[in-house]
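First comes the structure, then the notes that go with it.
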Amino acid sequence: MADDDYAELVLTVVERIPPGRVMSYGAIAEYLGRGGPRQVGAVMSHYGGGVPWHRVVAANGRLVPGHEQEALRRHRQEGTPLKSDKVDMRRAVWWPEDDPAPLP
DNA sequence: GGAATGACGATAA
DNA sequence: ATTATCGCCATTC
């Protein structure tokens, strides 16, 4: 099934997000070039248990619904640019080509 | 097969 | 800044 592939792709990208940086659902979807923000969100909600899900935020900087407290705590821990209860996107938004991590 | 649903996004009021 | 609506897209009922 292709959707499992898609899920793995999403998870891979999420794992690639460096600490102190975040990526929006839409950004991930755009980067993958298929599906949409909601698909990414769906994958995260179901399969996102093994990746730094807190680094995935809504485009408006809102933290993950249902885990705001948790995500907020971790972000403070990692030094993510925060706006009180939201992420400072202007600084925190990250793009894969921004920081080409060496793939083994 | 059609309607409802959802860790979204952008815009309008 | 906050809330309300509409549009997107694939999955699920």
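A note on names: the letters A, B, ... follow the listed sequences, proteins ahead of strands, and every chain is numbered from 1.
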From CG of A:L72 over to P of B:dA7, roughly how many Å is that when rounded to an integer?
20 Å

Qualifying residue, where the test is side-chain contact (heavy atoms from CB on, under 4.5 Å) with A:V22 and the options are A:V56, A:V87, A:L63
A:V87

Hydrophobic clusters here meaning ILVMFWY residues chained together by side-chain heavy-atom distances under 4.5 Å, can you tell me if A:W53 and A:I28 are in one?
yes

What integer distance in Å separates A:L32:CG from C:dA10:C1'?
14 Å

Could you give the CZ-to-C1' distance, from A:R62 to C:dA1, as a whole number of Å?
12 Å

Tightest non-hydrogen contact, residues A:L72 and A:D85, listed as CD1-CA, 4.3 Å

Look at the side chain of A:R91 and the backbone N and O of A:P81, then say whether any donor-acceptor pair between them is shorter than 3.5 Å.
no

Measure the distance from CD on A:Q39 to P on B:dG9 and round it to the nearest whole Å.
12 Å

Sugar-phosphate, base or nothing in reach of A:A42, heavy atoms under 4.0 Å:
nothing

Starting from C1' on B:dG6, measure out to CE on A:M44 and report it in whole angstrom.
15 Å

Whole angstrom is fine here: how far is it from CD in A:E30 over to P in C:dC9?
12 Å

Separation of atom CG in A:N60 from atom C1' in B:dC8, rounded to whole Å
9 Å

So A:G26, base contact, sugar-phosphate only, or nothing? Heavy-atom distance under 4.0 Å.
sugar-phosphate

Interatomic distance, A:R38 CZ vs B:dA10 C1' [rounded to whole Å]:
13 Å

